[in-house]
Protein chains: 2
Amino acid sequence: MTEPRRRPGPKRALTEEAVLDAALTLLDTDGPGAASIRRIAAALGVSPNSVYTYLPDKSAIEQALVERLLGDLNRAAPGGDDWRADLEALALDLRRRLTAHPGAVPLLLGGAMNGPEALLLGERLLDLLDRAGLAATEAARGAYLIMSYVLGAIALEVADVPRAGALAPERDRIAARRAAMSQVPAAMFPRTAAAVDVTATWIGTEQYLWGLRRVLDGLSTHA
Amino acid sequence: MTEPRRRPGPKRALTEEAVLDAALTLLDTDGPGAASIRRIAAALGVSPNSVYTYLPDKSAIEQALVERLLGDLNRAAPGGDDWRADLEALALDLRRRLTAHPGAVPLLLGGAMNGPEALLLGERLLDLLDRAGLAATEAARGAYLIMSYVLGAIALEVADVPRAGALAPERDRIAARRAAMSQVPAAMFPRTAAAVDVTATWIGTEQYLWGLRRVLDGLSTHA
DNA sequence: CTTATCTCCGCACACCGTACAGCATTCGCT
DNA sequence: AGCGAATGCTGTACGGTGTGCGGAGATAAG
């Protein structure tokens, strides 16, 4: 069984790394949908088909991009001694990284979380909930619950601003949302109109953390 | 100020209603992304540009589709005397309707929930939480929490099967997921491997309801 | 009837993912 | 050193997408 002739590699002007870099930059610059193969190749000064040398197709690019983001998250493990603080830090970190690249959020939401980094994130969640004293079954269901909440909250936040690539500062986004929500007719949606000051902050960090804590409360009281 | 000449309307082979019907059928048949303007027009036996007579662009179609689904949900109001039962019924109904049209889920997740039906759904949520005895601020934050959880859970569920248009029965999907998750290397992800029996059911109705109840628990204990 | 208005159509443009075939480069082996 | 094979990249091409523009025909108001 001889070796399959090894690879003679001629030039290698690209890398999978470089492709993903270019894709993420495009997403950040021009919003979701800007990470087309042709535009990535153009940004790299290369023919569109060259990209296919490193990644089999577009969905592989998207998946690898998500994996990279989750990998960065996993690599930045805090690891204190308070499980609740660690969990909150993890959730905040995930949100921070995703809102930093809002164009990549649809990729995370659209694909199944099958990759190694996604699994590792799940593993970390299970470990945190184990440290919280939850039984195995409770921990597994709790991980699902936390994941659902976090993803849903981020989806809601990012969907609110579908336009450009980068997100405005949180203060400005909340102000814009408050202005928009003030337009709803109070006659038709009285409670919504009355609660504008709160619902305007739905997309804020504080509300995100508040919801996470309610989730953890619900988990704790059940255990 | 004379009338603007009224409309003489020639044929009118289409309706906005018919366009949305065709779009939803395509989504159900051929999965997300199948609701292209050209395919909708073809299904209606009409030129692609005729669609633009009724809807200004593709995003309007998607938005109207989401509004229709939410409208159906809002029209089917249960309205018992137990707020918790009503809330669970509403959440289950939303999930049922979305998993019945998995191709439409990305549309809901991708767009801001600005339309009248989306606002009405929020209003109903606020009303339910008011009946639960929550203060106005708590109710508004609680509505956000519930919405985040529900959307995230549905996103997780649908993302798990990105292939065809229709979803297989829940039993089969869970079995397939269990088979897939059994492949994860226990050496690398010990907790995940040990919890496969639970994580396989993440996409099931029971788990969805369990999570919702934990969310409501967290809301109640906080109030 | 004339004329304004509306619906629908054909064409065209720019962009997308990607299959196919070719070409130059570079390595492993003799 | 020379040769053959494998590799990275390219150009071309096909079918698909959203949609802007101009025109054709039908209809109702005057």
Side-chain angles (χ1 to χ4, degrees), chain A residues 1-23 26-27 29-65 103 106-107 110-111 162-163 165, chain B residues 1-20 22-23 26-27 29-65 103-104 106-107 110-111 162-163 165:
Chain A
M1 199 184 199
T2 65
E3 297 200 358
R5 197 63 163 101
R6 294 300 291 262
R7 62 210 56 190
K11 292 193 205 171
R12 225 160 231 287
L14 265 55
T15 330
E16 174 174 329
E17 186 90 359
V19 172
L20 296 183
D21 281 340
L26 281 169
L27 284 181
T29 307
D30 299 345
S36 74
I37 293 205
R38 297 177 114 102
R39 292 184 69 169
I40 292 172
L44 293 168
V46 153
S47 167
N49 280 350
S50 300
V51 175
Y52 286 89
T53 302
Y54 300 88
L55 297 155
D57 56 16
K58 184 179 166 79
S59 76
I61 298 179
E62 299 175 348
Q63 195 169 329
L65 217 41
L107 308 185
R163 30 175 170 270
Chain B
M1 199 185 200
T2 65
E3 296 200 359
R5 195 65 162 97
R6 294 299 290 263
R7 61 208 57 188
K11 290 193 209 170
R12 227 163 230 285
L14 265 56
T15 331
E16 175 174 329
E17 185 90 0
V19 171
L20 297 184
L26 281 170
L27 284 181
T29 307
D30 299 346
S36 74
I37 293 205
R38 299 177 113 101
R39 293 184 67 170
I40 292 172
L44 293 168
V46 152
S47 168
N49 277 352
S50 299
V51 175
Y52 286 89
T53 302
Y54 300 88
L55 285 316
D57 56 16
K58 184 180 167 79
S59 77
I61 298 180
E62 299 174 349
Q63 195 170 330
L65 216 41
L107 308 185
R163 30 174 170 269

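These numbers come from the heavy atoms of this one structure, side chains and all, not from hydrogens, waters or symmetry mates. To find a chain, count down the sequence lines: A is the first, B the second, and so on, and within it residues start at 1.
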Round to a whole Å and report the spacing from [atom1] of [X] to [atom2] of [N].
X       : N      : atom1 : atom2 : result
A/Asp30 : C/dC16 : CG    : P     : 11 Å
A/Leu26 : C/dC15 : CG    : P     : 14 Å
B/Leu14 : C/dC8  : CG    : C1'   : 9 Å
B/Lys58 : C/dC16 : NZ    : P     : 16 Å

Side chain of [X]: nearest nucleotide among [options]?
X       : options                : value
A/Asp57 : D/dT19, C/dT18, D/dT10 : C/dT18
A/Thr53 : D/dG8, C/dT18, C/dT7   : D/dG8
A/Ser36 : C/dT18, C/dC16, D/dT10 : C/dC16

B/Leu44 and B/Leu14: CA distance, side-chain angles, deciding distance, side-chain contact (heavy atoms from CB on, under 4.5 Å) verdict: CA-CA 8 Å; B/Leu44 293 168; B/Leu14 265 56; 4.3 Å; yes
DNA chain D contacts made by residues 37-46 of chain A, counting heavy atoms under 4.0 Å: A/Arg38, A/Val46
side-chain contact (heavy atoms from CB on, under 4.5 Å) between B/Arg12 and B/Tyr54, worked out: CA-CA 10 Å; B/Arg12 227 163 230 285; B/Tyr54 300 88; 3.4 Å; yes
Rounded distance (nearest 0.5 Å) linking atom CD1 of A/Ile40 with atom NZ of A/Lys58: 6.0 Å
N or O in side chain of A/Tyr54 less than 4.0 angstrom from D/dC9 OP1/OP2: yes
Residue met sooner reading DNA chain C from 5', once B/Pro48 and A/Tyr52 are mapped to nucleotides: B/Pro48
Touch class at under 4.0 angstrom, heavy-atom based, for A/Ser50 against every strand present: base
Donor-acceptor pair (no angle test) under 3.5 Å: B/Asn49 side chain, D/dG20 base: yes
Residues, nucleotides or ligands: over 12 heavy atoms within 6.0 Å of B/Gln63 CD: no
Donor on one side chain, acceptor on other, A/Ser47 and A/Asn49, under 3.5 Å: no
Contact summary for B/Glu16 and B/Ala64, nearest pair of heavy atoms: OE2-CB, 4.1 Å
Nearest non-hydrogen partners of B/Leu27 and B/Pro32, listed with the distance: CD2-CA, 3.9 Å
